[in-house]
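This report concerns only the one structure given below.
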Amino acid sequence: MAIPAIDLFSGCGGVSCGLTRAGFTVKAAVEINSDAAKTYSNYPLLANVKVMIDDICKLKGGEILRTAGIKQTDLYLLAGCPPCQNFSTQNPKNKTKPESERKKLLFEFLRIIEDVYPPFILMENVPGINSDFNSTILNEFIDRLENKNGKKNEKYYICKDVINAADYGVPQLRKRFVLHGVREDIYDELRSIGYDFHLPKATHSKVVSDGLLPWVTVRQAVGDLPEIQAGEEYNGSLPIYNHKCADLSKKNLSRMIYIRQHGGSRDCLPEDMVLECHKKKDENGEAFKGHKDVYGIMDPDKPAPTMTGGCLFYTKGRYGHYSQNRAISIREAARFQTFPDDFKFSDTLATAALQIGNAVPVKLVEVSAQEFMQAIKMIKKKRRKKRTTKVQV
């Protein structure tokens, strides 16, 4: 029997893809952005999911369960990845935002949880949510989940940590805060059969040891794709979708060629090629030293840098192709996020970049989902055995 799941803040479908690959049947998703929802529903494996294009702040937990066709007593997984911009330590504007604004969507997720008390919870966010700056918000969120003075069916056993997606076979250096939760009454059932509920164990490593595989590299991830020029889209005979990249100005093409020949980072540029904004000096007369990855070239023998909402643009980060004079394509960015090759994105570069950059790596979700799937199977097996014993008596 299929194990159902619900995906809140679903974006274009990274979480739902990972859940599906682990064996879950996603029954409903909630996403406020219609472009992202369209991309989600266009993927054949997600075409039957009931996508609620709505503001989660206006929805109630029971309404979402009814849309999904899930009963409150069912064994199911509620996944939610609240937008993470407010928790990023890289955004200086967050330091001036009131706490109520920064925590709003995270606590809307919590409100839905407290509406229905699902048996299993999966959450992913930026590592900055686990920083000292955001500790008050995260601690309040965890405290309400653990609800130590509440009933067993109103509190959760929590596993959480900051993990690197590269340690799970994702060809990308992307650290993320991951939280697994199981309702206390379900956790007691798992403990009664000796089942250890935990976060997924790493399968890959920078330094190969203890039987772990080496990190997947840029070259391994995208090296088989056909060559294209800056501003082009592949239109050959192979069934390759979205292999399209941004154009480059003559100045940026010259910068890319020079940087490629001198180590891969923009700090090698001669004075006449340095951008004016990078020539500015601080009050101590020191030249600007930030954003070192901007105008950078990817190292083919390492995982890719983190995909962001600007990942298709050479001026936004280390997004230069390792051997071709262009930025990475939509398909290459999708592969770094481990989307399947038949997953189609918008041909509009800015839209595709935002959807890909905002997504959770599919494989990272899959390894988390496998842990939940195993736990649910153990619970179902235990309950079947108990029913069989009663019948025999």
Side-chain angles (χ1 to χ4, degrees), residues 1-8 10 13-29 45-46 48-50 61 64-65 68-81 112-113 116-124 145 152-161 163 165 167-170 178-204 211 338 340 360-393:
M1 188 174 181
I3 308 298
I6 295 171
D7 184 0
L8 306 183
S10 64
V15 169
S16 288
C17 272
L19 295 176
T20 301
R21 288 166 64 121
F24 282 92
T25 299
V26 182
K27 305 291 285 185
L45 291 183
L46 302 178
N48 293 326
V49 178
K50 295 176 182 176
I64 296 171
L65 281 187
I70 294 174
K71 297 176 183 177
Q72 201 152 3
T73 55
D74 289 345
L75 286 175
Y76 69 97
L77 171 64
L78 179 68
C81 298
I112 298 297
I113 292 171
V116 298
Y117 289 107
F120 296 94
I121 302 165
L122 168 63
M123 188 185 87
E124 183 270 0
L145 284 178
K152 283 190 177 295
N153 61 351
E154 294 179 357
K155 58 183 179 180
Y156 290 85
Y157 172 77
I158 300 297
C159 302
K160 58 183 175 62
D161 203 356
I163 63 178
D167 291 338
Y168 299 87
V170 177
V178 176
L179 180 148
H180 288 191
V182 55
R183 207 173 61 213
E184 194 74 23
D185 56 316
I186 304 294
Y187 181 60
D188 285 347
E189 283 193 75
L190 290 170
R191 285 198 304 176
S192 72
I193 54 177
Y195 186 82
D196 179 25
F197 184 79
H198 50 67
L199 295 178
K201 292 181 171 59
T203 55
H204 294 65
T338 57
V360 185
V362 173
K363 193 169 184 61
L364 188 61
V365 178
E366 182 182 1
V367 295
S368 272
Q370 287 169 345
E371 295 296 331
F372 288 103
M373 179 60 73
Q374 184 62 25
I376 292 171
K377 285 181 177 178
M378 295 298 289
I379 290 291
K380 283 182 169 287
K381 182 179 179 181
K382 175 183 180 294
R383 291 179 180 180
R384 281 196 303 269
K385 185 176 180 180
K386 185 176 181 180
R387 286 195 298 269
T388 301
T389 302
K390 283 184 177 180
V391 170
Q392 290 174 345
V393 172

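Here the straight-line distance linking atom CG of N153 with atom OH of Y117 works out to 8.5 Å at 0.5 Å rounding. A distance of 8.0 Å separates SG in C159 from CG in L179, rounded to the nearest 0.5 Å. Here CG of L122 is found 6.0 Å from SG of C81. Values are rounded to the nearest 0.5 Å. Between atom CD1 of residue I158 and atom CG of residue L145 there is a gap of 4.5 Å, rounded to the nearest 0.5 Å. In this structure, CZ on R183 lies 6.0 Å from OH on Y156, to the nearest 0.5 angstrom. Note that CD1 of I3 and CG of L19 are 12.5 Å apart. Values are rounded to the nearest 0.5 Å.
Taking the salt bridge (Lys or Arg N to Asp or Glu O under 4.0 Å) definition, one finds that D74 meets it with nothing, sequence neighbours left out. Taking the side chain to side chain donor-acceptor pair (under 3.5 Å) definition, one finds that E189 meets it with R383, sequence neighbours left out. Checked against ring-ring contact (aromatic ring centres under 6.0 Å, His included), Y187 has the following partners two or more places apart in sequence or in another chain: Y157. In this structure K152 satisfies the side chain to side chain donor-acceptor pair (under 3.5 Å) test together with D188, sequence neighbours excluded.
The minimum heavy-atom distance linking P200 with V367 is given by the pair CB-O, 3.7 Å. Considering every non-hydrogen atom in both T203 and G169, the closest pair reads OG1-N, 4.1 Å. Scanning both residues, I186 and I379, for their nearest heavy atoms gives O-CD1, 3.9 Å. The two residues Y168 and H204 come nearest to each other via the heavy atoms C-ND1, 3.8 Å. Annotation for I64 and I6: closest pair CG2-CG2, 3.8 Å, computed over non-hydrogen atoms. The nearest pair of heavy atoms linking G14 to V362 is O-CG2, 3.8 Å.
Within the 4.5 Å cutoff, no side-chain heavy atoms of L77 are placed close to those of P118. H180 has its side chain out of reach of I121: every pair of non-hydrogen atoms, C-beta onward, lies at least 4.5 Å apart.
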| task | For side-chain contact (heavy atoms from CB on, under 4.5 Å), just list the numbers for K382 and S192, CA-CA rounded to whole Å, side-chain angles, deciding distance to a tenth of an Å, and then say yes or no. | result | CA-CA 10 Å; K382 175 183 180 294; S192 72; 3.2 Å; yes
| message | If you apply the rule side-chain contact (heavy atoms from CB on, under 4.5 Å), what do you find for S368 with V178, and how did you get there? | response | CA-CA 9 Å; S368 272; V178 176; 3.8 Å; yes
| query | So L75 and K380, side-chain contact (heavy atoms from CB on, under 4.5 Å) or not? Walk me through it. | reply | CA-CA 9 Å; L75 286 175; K380 283 182 169 287; 3.9 Å; yes
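Note on residues 15-28: pairs passing side-chain hydrogen bond (donor to acceptor under 3.5 Å, both in side chains), not counting sequence neighbours, are D7-S16, S16-Y40, R21-E366.
Panel note: side chain T338, backbone V170; no donor-acceptor pair is recorded below 3.5 Å. Side chain of Q72 to backbone of V116: a donor-acceptor contact under 3.5 angstrom is found.
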Side-chain donor-acceptor pairs under 3.5 Å in residues 369-377, sequence neighbours left out?
from : atom 1 : to   : atom 2 : distance (Å)
E371 : OE1    : H198 : ND1    : 3.4

